[in-house]
Amino acid sequence: MDVDEGDVLKYDVVVIGGGPAGSVAARFAAKGGADVLVLEKRQEIGSPIRCAEGVSLSWLEELELEDIDSSTSRVMKGAILYSPAGHELKITEKLAGDEVGVVLERDHFDKDMARLAVKEGADYMVKTSAVGLIKEDGIVKGVEAKNFGKRFEVRAELVIGADGYESQVGRWAGIYESLKPKDVMTCFQYRLTGIDMDPDYTHFYMGSDAPGGYVWVFPKNEDTANVGLGIQFSRLNGSKTPKDYLDEFIESHEDYKDGEPVDMVAGAVAVSHPPEKVTAPGILLVGDASRIVDPMTGGGIVNGLKQGKIAGEFAVEALNEGRFDEEIMQRYEERWRDKLADKLWRNYMAKETAMQLDDETFDKIIDALSEIDLETVTIGAILEGVKKKYPELVEEFEDMI
Amino acid sequence: MKPELDDDKCMRCGACVGSCPVNAIFLKEFTLDINDDCTECGMCVKICPIHALDIGGDQNGRR
């Protein structure tokens, strides 16, 4: 689509950000008959990748998809957790409740999510930034945008902010909550090739290699993986950066140290609890912008997809009723919270505890669990398992069992 | 003094943008702008995963 300086485009819904949450919101809004435009700041949807790319496939059915496009993912058999002393715990698909894990090709995946939205009739513009909100009588009525240096307006009944961790839309709308340093992970990742690992499992290293976080190794093929880590922002002291931590980790692991990087990713992830508010009249947030990243894993894709669908369907409903006031926006708040908030809070509390664990404790937990026959991976089952060997560790979490 | 950006190091990841308490940092496709709303709190300097921002001195625990 081409625009001229000063153009005024009219849509029912304008989505800011062409990531997975934005595209799913666009898809379900368009499917319900809304005129939808998605603006993507970057010149390419899905690139550069800022993601470790490991997700569960718990959303396929919900998103009305029969299968995931094979070019967008690699199926895993399970996960292996490593304690600092080298104890291993293998979690198979069956243990995780038959929840299949995949490692995505985000650059393909994001484009595929956009393709599905376009199929329902959504319009897309890339290399197009939103630069501000249009408000009338305090109600959001669209965005000002820029494409190839040309400023134009998109008038819309609803603005959906899907603009990620660094969301501007939420700040412009006055629904931004500052993050506490303890609730931010700062991350660094290489895609390493020429490494040795079991390519059918995702690998997680716990403990002080990544203070307050973990190291992940997510296979892309037999000898290539995303090797990265997240460190709790409040634990970063002195001059050591996440990159320094990762370089040290790789250097100290025989299997990885001869790998060569073919990609490098930096970024930050909010591991906060759900915010008070992600809506204002005429505007709502989805995905990372609304802080729905699972605080325990740091993964945001799955929650973003699920929430995106809720947002798209809500948009259609509100359009049909012809209003986007404070009251109707509560419907979206209630629906996404019903779906996601309990688990987000639970995992936030679990994260607060897990971040405090020292290396010795991680060793004991993984050691204890590797010796028993875990039937399911729930917090309760894990605590029960650890209790058998190290009852003193479990005392303070007794009420969670 | 506003933080200085080492353009050769910056990976345009947006970690500093989302963490800035006063929304003074803007990520464009190939550049990062810090405007005059900056309060020199040093949050962006500290969160940068590769230390591409520096605010001088040692007041923020990192140089």
Side-chain angles (χ1 to χ4, degrees), chain A residues 40-44 48-51 126-129 131 146 163-168 170-172 174 176-181 183-189 228-247 263-270 272 288-289 291, chain B:
Chain A
E40 168 55 48
K41 169 174 73 177
R42 299 181 186 273
Q43 67 195 29
E44 180 179 350
I49 298 169
R50 290 188 314 185
C51 183
V126 294
K127 204 165 170 64
T128 306
S129 314
V131 294
K146 235 175 156 180
D163 50 342
Y165 174 75
E166 69 269 27
S167 178
Q168 292 295 310
R171 294 182 186 236
W172 293 332
Y176 172 80
E177 286 170 34
S178 280
L179 287 164
K180 300 183 192 86
D183 289 339
V184 180
M185 305 300 293
T186 158
C187 308
F188 197 82
Q189 170 182 283
L229 52 67
I231 293 173
Q232 190 179 18
F233 179 32
S234 51
R235 302 245 190 131
L236 272 183
N237 280 309
S239 58
K240 199 168 169 184
T241 64
K243 181 177 180 295
D244 297 332
Y245 278 96
L246 183 60
D247 288 339
D263 188 19
M264 213 157 90
V265 182
V269 177
S272 57
D288 279 19
R291 310 229 190 282
Chain B
M1 200 178 68
K2 285 195 285 186
E4 255 175 61
L5 178 73
D6 183 338
D7 221 28
D8 290 336
K9 279 190 184 172
C10 177
M11 292 173 65
R12 327 281 184 248
C13 76
C16 56
V17 179
S19 314
C20 175
V22 295
N23 202 23
I25 314 179
F26 300 91
L27 182 67
K28 300 187 173 168
E29 191 152 5
F30 299 110
T31 55
L32 189 78
D33 286 350
I34 303 176
N35 75 16
D36 292 336
D37 292 342
C38 174
T39 60
E40 299 161 36
C41 72
M43 185 100 164
C44 57
V45 174
K46 204 178 161 201
I47 201 165
C48 178
I50 43 180
H51 198 191
L53 284 156
D54 201 349
I55 201 162
D58 201 29
Q59 71 269 45
N60 299 295
R62 177 189 286 187
R63 280 198 37 84

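To find a chain, count down the sequence lines: A is the first, B the second, and so on, and within it residues start at 1.
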Side chain to side chain contact (heavy atoms under 4.5 Å, CB included) between K2(B) and D36(B): does it pass, once the steps are laid out?
CA-CA 8 Å; K2(B) 285 195 285 186; D36(B) 292 336; 3.4 Å; yes

Could you list the residues that satisfy side chain to side chain donor-acceptor pair (under 3.5 Å) with N35(B), not counting sequence neighbours?
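Scan of N35(B) (side chain to side chain donor-acceptor pair (under 3.5 Å), adjacent residues dropped) gives none.
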
Quick one: list whatever passes side chain to side chain donor-acceptor pair (under 3.5 Å) with D8(B), sequence neighbours left out.
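Side chain to side chain donor-acceptor pair (under 3.5 Å) list for D8(B), sorted by chain: empty.
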
If you apply the rule side chain to side chain contact (heavy atoms under 4.5 Å, CB included), what do you find for R291(A) with D183(A), and how did you get there?
CA-CA 11 Å; R291(A) 310 229 190 282; D183(A) 289 339; over 6 Å; no

Using a heavy-atom cutoff of under 4.5 Å, enumerate the residues of residues 16-25 of chain B that contact chain A, numbered in order, or state 'none'.
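Under the 4.5 Å heavy-atom cut-off, V17(B), G18(B), S19(B), C20(B), P21(B), V22(B), N23(B), I25(B) qualify.
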
For atom CD of E177(A), decide whether the heavy atoms of other residues, nucleotides or ligands shown that lie under 6.0 angstrom number more than 12.
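Counting neighbours around CD of E177(A), more than 12 heavy atoms of other residues, nucleotides or ligands fall under 6.0 Å, so yes.
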
Could you check L5(B), L53(B), I55(B) and say which one makes a side-chain contact (heavy atoms from CB on, under 4.5 Å) with C44(B)?
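For C44(B), the side-chain contact (heavy atoms from CB on, under 4.5 Å) check succeeds only for L53(B).
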
In chain order, what residues pass the ring pair (Phe, Tyr, Trp, His ring centres under 6.0 Å) check against Y245(A), with sequence neighbours excluded?
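For Y245(A), no residue satisfies ring pair (Phe, Tyr, Trp, His ring centres under 6.0 Å) once neighbours in sequence are set aside.
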
If you count heavy-atom pairs under 4.5 Å between each of K243(A), R171(A), R50(A) and chain B, which one has the most?
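Heavy-atom pair counts peak at R171(A).
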
Taking every heavy-atom pair that is under 4.5 Å apart, which of A268(A), S129(A), A266(A) has the most such pairs with chain B?
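It is A266(A).
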
Audit row: R42(A), K127(A), side chain to side chain contact (heavy atoms under 4.5 Å, CB included) steps and yes/no:
CA-CA 5 Å; R42(A) 299 181 186 273; K127(A) 204 165 170 64; over 6 Å; no

Contact origin within V269(A) toward chain B - heavy atom pairs under 4.5 Å:
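Neither; nothing under 4.5 Å.
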
Quick check on F188(A) against chain B: is it the side chain, the backbone, both or neither that has a heavy atom closer than 4.5 Å?
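Answer is side chain: those atoms of F188(A) sit under 4.5 Å from chain B.
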
